[in-house]
S.K.: 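What follows is a structure written as structure tokens; I'll ask about it next.
Sequential numbering from 1 along the given sequence is applied to the chain's residues. The figures here come from the full heavy-atom set of this structure, side chains too, leaving out hydrogens, waters and symmetry mates. Just so it is clear, the structure is predicted and the values come from calculations on it, not from any experiment.
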Amino acid sequence: MGNAYDEKNKHYNIMTSCDGNLINYVSVQLFAMSRNLNDSAIDFYLFHRNNLKLNNINILEALCRKLKNISFHSVVVPEAEKYDTLASCGGGWAGEAYFPLCAHQLLPDSVDRILYIDAGDVIIDDDIFPYYNCDFEDKALIVTAGRYKQKNNEIVPYEETDLYDNNGFLGICRGLFNSGSYIINIDKLRKAQLDIDDYVSFMQLLCKLSGKDSEANIYWGDQGFLSAAFVGDIKLYEYPEVKDLWYMPYNFCLWYYDRKNTMPQYKVSIIHYAGSFKPWTLKYPINIKRFSVQNGLHLFNELKIGQAEWFYVWHEYAILTDRLLMQMGY
């Protein structure tokens, strides 16, 4: 594998995790990834349960061989039911969203860091070298900030002690960042020897701190749980130089347009279709049967001002992916 810190020999470890409902859209992500990181070698890891259809995995593996710069790795996650336990307190997200928590146990020893992206609704649309190779500063995660607190009239990150304050607890468990794109310090977690049982025990602590029983909505999905588990051990990308919560070059969430009606004044490298419906549920002028739901399609006039062009970005990649898969006989 290439040196992750060498701009002349770029290499990326990238992962996602999903079930059969989203696996079809991963191919679009892979095509976009290959095209926009075409000067790089990529090791892509798909984390899944052992019941995922082999044909779906085979298609992705064949696609990566065709794309040439992506090596595909299928990773079956053991004890998946324990991740479902975490999900039971997370407001409806599937257990697969929590699979990255133990990535350090399942990845090769040669992997020291990895970029996680949500399955299906995250597209790499430009170079990610500055983000991916950012210094962890001994933190467990690198993220795009989604929440700060005020302390002595300063904007500062949350600390571990804030978990034991009611307002702090609620803010942390809502999420200090959006989990569509973040980087995991595999080396650090490997040395810490965390396992799924440690995370389940931490979930029980959160239940106790919340005063609620298990099965309640204690945290906001995986981003809430990750924020609580690693609060104080999270590097906020480009903080303290940048404290603007709308600055999201490597996790550009489309809820940006809930408050803004102009284009961002920075280059967007990773698009996250969060805050609106998913791109495969929109009715485009050209329908792609492979990548479109058949019922209940949304119309473009349902989008907020500024969002449409980002949906067309996904649609273009979907057209090109579909064309390539047809050429391959799929």
Side-chain angles (χ1 to χ4, degrees), residues 86 89-91 93 97-98 100-101 113 115-116 130-185 188-189 191-192 194 198-199 201-212 216-260 264-266 268 270 272 274-275:
L86 298 181
C89 294
W93 276 258
Y98 300 82
L101 287 165
R113 66 175 63 204
L115 167 64
Y116 172 83
Y131 174 56
Y132 182 87
N133 291 296
C134 189
D135 186 350
F136 277 107
E137 298 177 1
D138 199 36
K139 302 295 187 182
L141 306 175
I142 298 173
V143 308
T144 297
R147 190 182 304 274
Y148 294 107
K149 68 174 184 177
Q150 289 274 349
K151 184 177 181 180
N152 299 325
N153 295 320
E154 292 287 332
I155 296 174
V156 297
Y158 280 77
E159 302 166 341
E160 186 177 356
T161 53
D162 292 315
L163 267 178
Y164 301 92
D165 168 79
N166 185 57
N167 289 332
F169 180 89
L170 293 174
I172 292 167
C173 288
R174 181 60 178 82
L176 302 179
F177 63 97
N178 179 281
S179 57
S181 160
Y182 59 92
I183 304 168
I184 308 170
N185 188 342
K188 181 169 186 176
L189 297 190
K191 291 171 184 174
L194 293 171
D198 293 319
Y199 291 117
S201 296
F202 183 71
M203 180 205 76
Q204 293 165 349
L205 171 62
L206 293 179
C207 290
K208 183 178 179 180
L209 291 174
S210 73
K212 298 179 181 179
N217 294 341
I218 294 168
Y219 39 82
W220 186 260
D222 56 315
Q223 70 185 41
F225 185 82
L226 284 161
S227 297
F230 295 106
V231 60
D233 199 19
I234 298 171
K235 177 180 173 62
L236 305 174
Y237 182 70
E238 293 205 359
Y239 177 88
E241 291 77 17
V242 178
K243 299 180 181 179
D244 180 3
L245 293 178
W246 302 104
Y247 179 74
M248 304 179 286
Y250 298 104
N251 189 31
F252 183 71
C253 298
L254 291 198
W255 46 251
Y256 173 94
Y257 295 99
D258 290 350
R259 299 283 184 88
K260 306 278 189 177
Q265 300 301 303
Y266 48 83
V268 171
I270 300 180
H272 185 194

S.K.: Under 3.5 Å, is there a donor-acceptor pair between the side chain of R113 and the main chain of Y132?
M.R.: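 Such a contact is found between R113 side chain and Y132 backbone.
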
S.K.: CG/L194 to OG/S201 distance, rounded to the nearest 0.5 angstrom?
M.R.: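 If I round to the nearest 0.5 Å, the distance is 11.0 Å.
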
S.K.: Looking at F177, Y239, Y158, which one forms a ring-ring contact (aromatic ring centres under 6.0 Å, His included) with Y148?
M.R.: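 Going through the options one by one, the only one that passes is Y239.
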
S.K.: Are I183 and F136 side-chain neighbours, meaning at least one heavy-atom pair lies under 4.5 Å?
M.R.: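 Contact flag for I183/F136 side chains = yes.
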
S.K.: Any side-chain heavy atom of V268 within less than 4.5 Å of one from Y266?
M.R.: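 V268 reaches Y266 side chain to side chain.
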
S.K.: Between the main-chain N or O of E154 and the side-chain N or O of K149, is there a donor-acceptor pair closer than 3.5 Å?
M.R.: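 Pair absent, no side-chain N/O of K149 close to backbone of E154.
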
S.K.: Enter the distance from H272:NE2 to T144:OG1 here, rounded to the nearest 0.5 Å.
M.R.: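 Output value for this atom pair is 11.0 Å.
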
S.K.: Is the ring pair Y257/F252 parallel, tilted or perpendicular, if the boundaries are 30 and 60 degrees?
M.R.: perpendicular

S.K.: Give the minimum heavy-atom separation between I270 and S181, together with the two atoms involved.
M.R.: CD1-OG, 3.7 Å

S.K.: If you look at every heavy atom in A140 and L189, which pair is closest and at what distance?
M.R.: CB-CD2, 4.1 Å

S.K.: Should Y219 and M203 count as side-chain neighbours, where that means a heavy-atom distance under 4.5 Å?
M.R.: yes

S.K.: Between N185 and K139, is there a side-chain heavy-atom distance shorter than 4.5 Å?
M.R.: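 No, every pair of side-chain atoms sits at 4.5 Å or beyond.
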
S.K.: Run the numbers on F169 and L206 for side chain to side chain contact (heavy atoms under 4.5 Å, CB included), then give the verdict.
M.R.: CA-CA 9 Å; F169 180 89; L206 293 179; 3.8 Å; yes

S.K.: On a heavy-atom basis, which atom in Y116 and which in S179 lie closest, and how many Å separate them?
M.R.: CE2-O, 3.5 Å

S.K.: With the side chain counted from C-beta on, respond yes when I184 and F230 share a heavy-atom pair under 4.5 Å apart, and no when they do not.
M.R.: no

S.K.: Quick one: does any side-chain atom of R174 pair with a main-chain N or O of W220 as donor and acceptor, under 3.5 Å?
M.R.: no

S.K.: Answer yes or no: is there a side-chain heavy-atom contact under 4.5 Å between Y131 and L115?
M.R.: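 Yes; the side chains approach each other to less than 4.5 Å.
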
S.K.: Is it the case that more than 12 heavy atoms not belonging to Q150 sit under 6.0 Å from its CD atom?
M.R.: yes

S.K.: With rounding to the nearest 0.5 angstrom, report the NZ to CD1 distance, K208 to I218.
M.R.: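 Nearest 0.5 Å value for the NZ-CD1 distance: 13.5 Å.
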
S.K.: Side chains of E238 and Y250: closer than 4.5 Å at any heavy-atom pair?
M.R.: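 Counting from C-beta outward, E238 and Y250 never come under 4.5 Å.
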
S.K.: Roughly how far, to the nearest 0.5 Å, is the CG atom of L163 from the SG atom of C173?
M.R.: 6.5 Å

S.K.: Report yes if the side chains of F225 and L101 come closer than 4.5 Å at any heavy-atom pair, otherwise no.
M.R.: yes

S.K.: Are the side chain of D162 and the backbone N or O of E159 linked by a donor-acceptor pair below 3.5 Å?
M.R.: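 Yes, because the side chain of D162 sits within donor-acceptor range (under 3.5 Å) of the backbone of E159.
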
S.K.: Give, for atom CD of Q204 and atom OH of Y199, the distance between the pair rounded to the nearest 0.5 Å.
M.R.: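 Q204 CD to Y199 OH: 15.0 Å, rounded to 0.5 Å.
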
S.K.: Heavy atoms only: give me the nearest A145-L245 pair and the separation to one decimal.
M.R.: O-CD2, 3.8 Å

S.K.: Test your reading of the model: is there a side-chain donor-acceptor pair from D258 to the backbone of G275, 3.5 Å cut-off?
M.R.: no

S.K.: Rounded to the nearest 0.5 Å, what separation is found between the CG atom of L226 and the CD1 atom of I234?
M.R.: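 L226 atom CG to I234 atom CD1 measures 7.5 Å (nearest 0.5 Å).
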
